[in-house]
Amino acid sequence: MKTFNLQLRFLLPLVLVITAAAYLALPVMDRLTLRWFARDLNMRGALVANALSESVAEALQDPRGRKLQALFNRAVQDERLVAIGWCSPLGQLLVRTPSFPTNLSCGEAGEVAGRPDPELRIEGGPVLLSMHAIQAEAGPVGHLVLMHDLSFIERRSQDTRRYLILLLAGTGAIMALVTMAVAQWSWRGWVSGTRALLRGEGLVRPLSSPAPELAPLAEELRSRMRDLEDEYRRNREHEAGWDAQRLQSLLKTQLRGDQVIVVSNREPYIHDRRPDGSVAVRRPASGLVTAVEPVMRACSGTWIAHGSGTADRDVVDRRDHVSLPPGEDEYRLRRIWLTPEQEQGYYYGFANEGLWPLCHVAHVRPVFREADWQHYREVNERFADAVVAEARGDDPVVLVQDYHFALLPAMVRRKLPRATILTFWHIPWPNPESFGICPWRAEILEGMLGSTILGFHTPFHCKNFIDAVDRYLEARIEHEHSAISFRGEQTFVEAYPISIEWPTPQAAQHWPSPADCRRQVGEQLGIPRDHQLAVGVDRFDYTKGILERLHAVERLLEKYPQWRDRFTFVQVAAPTRATLEEYQAFQQRIQQVAQRINQRFATGGRDVVRLLAEHHEHDAVNRLYRAADACLVTSLHDGMNLVCKEFVAARDDEQGVLILSRFAGAARDMPEALIVNPYHVEEVADALHRALTMPAAEQRERMANLRSTVREFNVYRWAGRMLTDAARWRLRERVSLRVQRHAGE
Ligand code: F6P
């Protein structure tokens, strides 16, 4: 149908042009042929007159004119000569053949002959009239009037017209056929060419790799197609909405209740011994835990993590299991015990002094020590063994979390070849050059390629990873499917932006109102009622841009002095990795800068910056979010950053302004925030001023949009998308296994 339409578009104008050409050409042709024939006949007339002149002179000797009559009668037997008349020198018609019109005088004949178009219609049809003077020795003796038949010209002209029409029609038909053939051929060529492009094949050599000059076009087309598919999928998911129930039903239907095992370093609940000997349960400050825990509650699976609490050993069973959440028993935690050396080498050393700065590119040098690497491998092996021990069958779904376990996927793949391994990298992935400085770059990539699906927050991180594999391993990469084949196994690399659990209305209805939160926070921290309040909530980490944020607060107070006695900034900084030198130095620096700002701008004994370097439980953080006029998230580089999503989720009053670093993964999907470059102090200070002076209506509009994004793109959707892809993959594996079995039977 498409080809037919295309051909019609060619054919219709062609037919119109040919018809118009014929319409214009025919009368022109008629006139031309008539003129040519008239000229020929005139010449013929002159010849005839010449030939007859002697005979006429002789015949004139007969005074009765009989000889002349006889001569004329003989002459008109010529089929072209229709009539002849003889005019005396006085202009009298003396002799004429029978067909000569009786009413035509010599004068009139002379007039017609003098016209440029000497045509005359007589009884027998159209004739061409010519008049020729006849000379005798004595001088002119009269005029010969000759009438040549013109009807044959008309007949010929009709024939010519017919031939011309046939010629034009024939040419038109041939052109149409050629056009159709070319269109057909070109269309097919285009379609198959475009398909080949989209498949990653070349137009010119469809079976080989794409011509290099077409590669960018092909890549662009493919990425556009992927975007469209993503958008389509997003739209469909957007309509349906993800929640715990939907995730549970996905697990039941698509994964048929298969076992789900999560592996992470950080445990979701930490049991600590208080000084009085009692046990306290605490939720760690961890984006990973915030995201994975609700998923785990929905899956009722097994979570394997490092037991790092001082009372962790006291609450587990014989097999190091504890049911969680405390008192609700929705899933099981298997704790792994590490020696202090292992923890130092694997967690503090290789993971946090090596991979963490390597991936964040936040101007802190990565440190790589051989001993740390050995511990890292050892601990990965231990966790891999734990996965095997916890697996009820040979094909569990294993969700590997983060940069602490880059080697584990390949280890589990070796032990449980049929397992579906989903690895999610919670931090950024750097460009191949930056990654290349890691001495064990190949081992890390190989370890990660043990995964069935490898997830990052953004397509940009996926691309960096694929580029690194391309650079450092001998692997086959199918860009159009984001698939990497390495040593006979395939890994799909995909972006799954992580999120938070959207608070249920039941939970939200117990929250104190924003005004109450503001009052409570004010009372607790001694912040006057008329102060505007900005907050930052982070782990005390150099990647979070806390220093840059403080500089921006300082600049705000310099540049906009009206805030000097009307503004307070509260920074929650949850202690983290505090045994590492880099962190200690950073934390000291922050304390000093906060102190300096307070010395400069404190009024009435009140500090402008309140640095709360201690762990805060979820309720306390939520209260702070609800009390704040603005929330500052200024990471220098972050995989996603869930704090910004938590702030948005807390603001059911649709007030409060989010200031968000453009280097956080979340910035991609949260354009209604005030997006800033955290390194640009002036810009952040201005954004802060803008946030503090933003009209309520604008805050509402921005916040409402942010809320609807985070509500829909929640953590269940993150897990749901990964698990749906895993389920599809498992189904394909099962089918192909069955097919192989049948083939072997
Ligand atoms: O940001 C990466 C990450 O693993 C997060 O998922 C988590 O919030 C944080 O680091 C945890 O750090 P740690 O467990 O070392 O305190």
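Read the numbers this way: they start at 1 and go in the same order the structure lists the ligands and their atoms.
Between Tyr625 and Phe647, the ring-plane angle classifies as perpendicular under the 30° and 60° cut-offs. Aromatic ring orientation, Trp718 versus Phe424: perpendicular (interplanar angle above 60°, classes split at 30° and 60°).
Among all protein heavy atoms, the one lying closest to atom 12 (O) of ligand 1 is Arg577 NH2, 2.9 Å. Nearest non-hydrogen protein atom to atom 13 (P) of ligand 1 is Tyr347 OH, 3.4 Å. For atom 6 (O) of ligand 1, the closest non-hydrogen atom on the protein side is Leu288 CB, 3.1 Å. Among protein heavy atoms, atom 9 (C) of ligand 1 sits closest to Arg539 NE, 3.6 Å. Protein heavy atom at the shortest distance from atom 16 (O) of ligand 1 is Arg266 NH2, 3.4 Å. Considering only non-hydrogen protein atoms, atom 8 (O) of ligand 1 sits nearest to Gly287 N, 2.6 Å. Of the protein's non-hydrogen atoms, the one nearest atom 2 (C) of ligand 1 is Ile427 CG2, 3.4 Å. Considering only non-hydrogen protein atoms, atom 3 (C) of ligand 1 sits nearest to Asp402 OD2, 3.4 Å.
Contacts between Gln401 and ligand 1 below 4.0 angstrom, taking non-hydrogen atoms only, are absent altogether.
For the 3.5 Å distance criterion, the side chains of Gln342 and Tyr347 fail to qualify, holding no donor opposite an acceptor.
Between Phe435 and Trp429, the distance from one ring center to the other falls under 6.0 angstrom.
At a threshold of 4.5 Å between non-hydrogen side-chain atoms, the residues Ile261 and Leu399 do not count as touching.
The closest approach between any non-hydrogen atom of Trp425 and ligand 1 is not below 4.0 Å.
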